[in-house]
Each structure stands twice: as C-alpha cells, then as structure tokens.
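This report concerns only the one structure given below.
Below, read A as the first sequence line, B as the second, and so on, with proteins coming before strands; counting in each chain starts at 1. Because the structure is a prediction, the values reported are computed rather than measured.
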2 protein chains.
Amino acid sequence: MTAIHTARDPRFPALGVAVDVVVFTVRDGQLEVLLTRRPDEEPFPGAWSLPGGFVRPDESADDAAARELAEKAGVEDVFLEQLYTFSAPDRDPRSRVVAVAYYALVSADKAALGARADGRTRAPQWFRVQAESEEHAQAFLPGQPPVTLAFDHDEILRTAVQRIRGKLEYVPIGFQLLPPHFTLTELQSVYEAVLGHPVDKRNFRSKIQKSGLVRESDAVKKGPHRPAKLFEFTQRTF
Amino acid sequence: MTAIHTARDPRFPALGVAVDVVVFTVRDGQLEVLLTRRPDEEPFPGAWSLPGGFVRPDESADDAAARELAEKAGVEDVFLEQLYTFSAPDRDPRSRVVAVAYYALVSADKAALGARADGRTRAPQWFRVQAESEEHAQAFLPGQPPVTLAFDHDEILRTAVQRIRGKLEYVPIGFQLLPPHFTLTELQSVYEAVLGHPVDKRNFRSKIQKSGLVRESDAVKKGPHRPAKLFEFTQRTF
DNA sequence: CCACTTAGTGTGCTTTAAACACTATCCATG
DNA sequence: CATGGATAGTGTTTAAAGCACACTAAGTGG
C-alpha cells in the first residue's frame with residue numbers, strides 16, 4: 001500500500017480516463033450528431049470531435065457523461081447510456097487516454113436550445129449522419145463532404161449508429177427523440193431517420209398502437225392540411 | 001503539453017484502469033464462472049473475485065483481458081467480448097480504479113486444463129452460477145451457500161449473465177462453449193444452462209438445423225445407449 | 001369549389017413461434 | 001438371445017407476428 005498515489009506505481013501509469021458522448025437528435029427527418037471543434041493546437045488542431053472530457057476524481061464515468069452533456073448540449077434528464085470503452089494505447093497521440101463512450105438521445109426541441117447555450121468554448125454544431133450501409137457512418141454538413149473526426153471518433157460514431165439501430169427494434173428508444181406530444185407521422189419519421197430506410201405506414205402505426213406505449217391525447221396538431229392527432233408516451237421511465 | 005506524465009496534472013489523477021473477466025463455461029448442464037481468491041490483505045482479504053488485473057502501458061484493455069484469460073484460465077483464442085465499464089469512484093476502497101469488464105465463453109474441455117495450469121497464485125476455481133430470476137445471479141459451490149464477491153464483482157457477474165442470456169437468442173454464442181464436435185443434445189444442454197430453463201427438444205433441433213450453423217459429421221458419440229450423431233460448426237469465426 | 005397535401009384505416013399471405021408424443025437404436029443384464 | 005432401460009431422433013397443428021399493399025378523410029389555400 002505504499003505510494004500508490006504517485007505516477008511511479010506500475011499499476012498507475014500516467015493515464016487519463018475520458019468520456020466521449022455521441023449526442024443524437026432527429027430534425028426534419030434526418031439523424032444528426034453533435035460535434036465540437038478542437039482548439040487550434042496539436043493533436044488534430046481545429047478538427048471536429050465528439051464532445052467529451054476527463055472524468056473527475058469524485059465522479060463516475062456516468063456522472064461525467066451527464067455533465068458533459070449538460071455543458072456541451074445544454075440538456076439534462078435525457079436518455080444516456082454507455083456505449084463502449086475504447087482503449088488502444090495510441091488513440092491519443094499525446095499520452096494514454098482511455099475513453100468510455102456514451103450515446104445520448106435528445107429531442108430536437110431541447111437540442112436546439114442546447115446548441116447555442118455554450119459561451120466559453122466555440123459552439124458545438126449539429127451534423128447530419130450519413131449511414132447507408134451498416135459498416136459506415138459519417139458526419140457531414142448539407143452540401144459539403146463528410147468530415148473526418150479527431151482521434152478514433154469516427155469509429156465511435158459508427159459504433160453508436162450501429163447500437164441505436166439495433167436497439168430501436170426492441171426497446172422503445174424512439175420516444176426519447178421527440179417532445180412530450182407528437183404525431184405518429186413524426187414518430188415514424190424518427191424511426192426512418194435512425195434506421196436509414198423507410199418503413200410502411202400502416203404496419204408501423206398498428207404496431208405502435210398495439211404496443212401500448214403511446215396514448216392518444218385530445219389535442220391535435222394543426223397545419224396547412226388535415227390535422228393529426230397528438231400522442232404521448234404512457235411511461236416516462238428510462 | 002507540460003508535465004502531463006506526472007500525477008499532478010488534474011486530467012491525470014492517480015487512477016488505475018483494470019480489466020475484470022467473467023469467464024463462463026458449461027459443465028454437466030450447469031453454467032459455471034471462474035473465480036480467484038484474493039490475497040489475505042485489505043481490501044476483501046481472502047474473498048472470491050473475478051480474475052482481473054491492471055492494464056499495462058502498452059496494451060489495450062482488449063489485450064489485457066486476453067492476457068488475464070490466458071494467465072488465469074490458461075485458454076487462448078476463445079470468445080471474449082467487452083461487457084461494461086464500471087467506474088464508481090469508491091468501487092475500490094484503496095484508490096480510484098476504473099474496471100473495464102469482459103466476458104468470455106470457454107468450452108468445458110479447455111476450461112478443465114486452465115483451472116489447474118496456474119502455479120504462482122492460488123488456483124482459480126469454478127463456481128456454479130445460480131440465476132433463477134433476471135435480476136439476481138450468484139456464484140456458489142455445490143452444497144454451500146452463495147459467496148459474496150469482492151468489490152462490485154457481484155454486480156459485474158449479474159450484468160454478464162444478463163448479457164449472455166440476451167445475446168444467446170440472436171447470435172450463435174452457444175457454440176463457443178462446446179468442443180469442435182458435439183451432439184445436439186449437448187448443444188441444447190448449453191442453451192438450457194445459460195438460459196436457466198428447459199427448452200423443447202424438437203423445436204430446438206429443427207431451429208438449429210434450419211439455421212445452417214451446424215453441419216453433421218460422419219462420426220457418432222457412443223455411450224451406453226443409442227449413439228448420437230456428432231455435429232460441427234460451419235463457421236469458425238467470431 | 002377545387003386542387004393539393006397529409007392523416008388515417010384493414011385484409012390476405014407468409015413466416016415464425018410454441019405445444020405436443022411416439023418410434024428407433026444401442027447396451028447391459030439375466 | 002430376449003428384454004428393459006436409457007437416450008436419440010423425428011412432424012404436425014395452431015397461434016402470433018411480420019409484411020406487402022391502396023384507398024378514403026379532413027383540412028388549407030387559391
């Protein structure tokens with residue numbers, strides 16, 4: 001039990017533990033991810049990267065991820081779940097950093113607030129996610145080529161997209177991406193954005209209704225066309 | 001970029017990253033887990049715990065898990081996958097240690113070799129896993145009460161049992177727990193041990209055969225009764 | 001009032017899951 | 001060598017779930 005709090009103990013080499021958070025939202029039928037710009041210094045000067053930071057001595061990685069999410073995206077109490085831990089010795093060229101990656105699902109209305117709530121650092125920005133095949137996922141801004149992310153963040157993003165696609169089919173995470181009241185068409189649009197392909201309207205609606213996860217509210221959403229019934233979730237638990 | 005290799009940098013507090021491996025096998029129709037005994041010193045002197053150790057400076061957590069598996073269980077080239085990262089600040093009462101947990105599936109024939117291959121430390125031992133409900137999983141030796149594991153290893157074990165049960169239903173991990181040639185009854189027994197409940201013989205056999213994952217070999221397993229055809233996997237990839 | 005746009009609804013077919021019981025083959029024993 | 005004991009092996013029926021598929025309804029704006 002001697003001197004374990006110095007960097008010389010072989011069990012405690014100089015090593016940091018960071019969290020990186022893949023924050024997803026769906027806006028206008030498109031899956032989007034929140035990215036931050038790195039400072040103009042090595043490594044990856046000015047590159048886009050996932051929001052993240054070091055885990056503090058008194059917090060768990062879960063806490064750190066929630067804190068990062070609040071700081072960078074300005075949202076709290078959203079769906080946040082551990083994704084995977086990335087630990088290649090050279091994933092950070094400066095020194096050893098192990099990254100515990102998380103993914104979060106944020107409704108577009110909350111997300112809009114978050115993206116401009118940051119004052120100290122450069123504002124994070126929403127990028128669209130392009131993921132036709134299962135093996136690739138890239139972030140891009142409309143009309144521009146995909147960006148290459150810093151560190152191994154492209155791999156983390158890819159892993160996160162695979163995860164939410166797989167999870168969407170058997171756990172009700174689609175609801176996390178919508179405001180409290182929503183139309184079934186909006187919910188379907190979220191599913192299509194996450195899955196990356198269209199789904200059948202009638203099958204989708206009957207399956208959702210049969211699941212008992214949503215309840216019809218008495219309000220309707222008016223627009224230039226036929227009004228749509230607004231629904232709400234029957235359970236508010238994660 | 002100054003002095004990041006000392007323990008004084010706030011981003012690099014004294015902190016260790018360890019791996020813990022939940023090594024499963026199935027023997028005699030029972031799911032078993034490999035446990036090691038802790039040394040007779042604080043914390044948890046003499047308690048049973050999952051095999052594990054610190055990640056070395058030049059290896060990834062995946063590498064470290066494979067190394068631990070080779071050292072403690074004496075097996076290589078087995079199914080090994082990351083489970084979850086446990087990071088509560090006080091999970092190790094001595095100092096901060098973040099644990100990247102893995103789970104491994106080992107066939108009973110290989111596992112038997114491993115359990116006695118260790119010379120330096122006390123030999124690890126196989127414990128049965130009792131997990132009637134989804135929420136609980138405990139390790140015990142036949143005829144004895146369940147043991148309480150060191151640190152948060154009971155929680156890790158529980159998480160691992162949930163994971164393999166969920167995964168068994170849609171990915172072919174059952175094969176990892178058997179020797180190259182096996183009977184369908186043996187395979188069914190593995191499924192039943194992992195799931196914790198019996199399955200229907202005819203439905204199981206027809207589903208397995210239709211899946212195309214196994215191929216009939218020309219050998220049979222002889223016993224005191226009707227011989228059973230031996231099967232093998234059609235794919236040897238993880 | 002007409003054109004446009006989105007909301008909303010049901011049926012038939014195919015596939016998959018789940019329940020269920022008997023015959024076949026080998027060995028050991030008397 | 002006949003019998004009993006133990007495990008291997010095999011199909012059908014029913015219910016539920018997935019999937020393809022096209023028209024009517026209800027608003028708005030010109």
Side-chain angles (χ1 to χ4, degrees), chain A residues 26-30 108 165-172 174-175 178-179 181-232, chain B residues 26-30 108 165-172 174-175 178-179 181-232:
Chain A
V26 171
R27 196 194 321 267
D28 300 330
Q30 296 284 331
R165 285 188 175 172
K167 204 137 188 172
L168 188 67
E169 316 214 337
Y170 61 101
V171 273
F175 306 142
L178 287 171
H181 292 266
F182 53 89
T183 69
L184 291 185
T185 301
E186 287 167 348
L187 183 59
Q188 180 178 349
S189 166
V190 165
Y191 272 73
E192 291 177 331
V194 172
L195 294 174
H197 62 77
V199 302
D200 181 82
K201 180 156 70 156
R202 281 172 291 190
N203 292 338
F204 178 79
R205 293 168 93 96
S206 69
K207 186 153 78 171
I208 292 292
Q209 305 246 31
K210 259 186 284 185
S211 75
L213 291 166
V214 302
R215 173 177 41 222
E216 193 178 320
S217 85
D218 46 355
V220 295
K221 176 170 188 166
K222 297 209 169 187
H225 311 295
R226 175 174 178 177
K229 287 181 195 158
L230 284 170
F231 287 76
E232 58 192 4
Chain B
V26 172
R27 196 194 320 267
D28 301 330
Q30 296 283 333
R165 285 186 174 174
K167 202 136 187 171
L168 188 66
E169 316 215 335
Y170 61 101
V171 273
F175 306 143
L178 286 172
H181 292 265
F182 52 90
T183 69
L184 291 186
T185 301
E186 286 166 348
L187 182 59
Q188 179 177 351
S189 166
V190 165
Y191 271 72
E192 291 177 331
V194 172
L195 294 174
H197 61 79
V199 302
D200 180 82
K201 179 157 72 158
R202 279 173 292 188
N203 292 340
F204 178 80
R205 292 167 95 97
S206 69
K207 187 152 78 172
I208 291 292
Q209 304 247 31
K210 260 185 283 184
S211 76
L213 291 167
V214 302
R215 174 177 39 224
E216 192 178 320
S217 84
D218 47 353
V220 294
K221 174 169 189 168
K222 297 211 173 190
H225 311 296
R226 175 174 177 177
K229 287 180 194 159
L230 283 169
F231 287 75
E232 59 193 5

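At whole-Å resolution of the value, NE2 in A/H197 and C1' in D/dC19 are 13 Å apart. Counting to the nearest Å, the P atom of D/dG9 and the CG atom of B/L184 are 6 Å from each other. Distance B/K210 NZ to D/dG11 P: 12 Å, rounded to the nearest Å. To the nearest angstrom, P of D/dG9 lies 12 Å from CZ of B/F204. A straight line from CD of B/E216 to P of D/dA8 spans 14 Å, rounded to a whole angstrom. For B/L195 and C/dA18, the CG to P distance is 12 Å, given to the nearest whole Å. Nucleotide D/dA8 holds its C1' atom 16 Å from the CZ atom of B/F182, rounded to whole Å. Between B/K207 atom NZ and D/dG9 atom P there is a gap of 19 Å when expressed in whole angstrom units.
Evaluation of the ring pair (Phe, Tyr, Trp, His ring centres under 6.0 Å) rule for A/F182 yields A/F233 as partners, not counting sequence neighbours.
Contact annotation: the side chain of B/V220 never approaches that of B/L230 to less than 4.5 Å [non-hydrogen atoms, C-beta and beyond]. At least one side-chain heavy atom of A/L213 sits less than 4.5 Å from a side-chain heavy atom of A/F175. Proximity of A/Q209 to A/L184: side-chain heavy atoms (C-beta onward) are separated by under 4.5 Å at one or more points.
Residue pairs meeting the salt bridge (Lys or Arg N to Asp or Glu O under 4.0 Å) criterion with at least one member in residues 185-211 of chain B, sequence neighbours excluded: B/E186-B/K221.
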Determine, for nucleotides 20-30 of chain C in 5'-to-3' order, which nucleotides have protein heavy atoms under 4.0 Å from the base (write B), from only the sugar-phosphate (write S), or from neither (write -). BB--BBBS---
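Side-chain N or O atoms of B/E232 include none that pairs as donor or acceptor with a backbone N or O of B/S217 at under 3.5 Å.
Nearest nucleotide to the A/K229 side chain, out of D/dA8, D/dG18, C/dT9: C/dT9.
Taking side-chain N and O atoms only, A/T185 has no distance below 4.0 Å to OP1 or OP2 of C/dT6.
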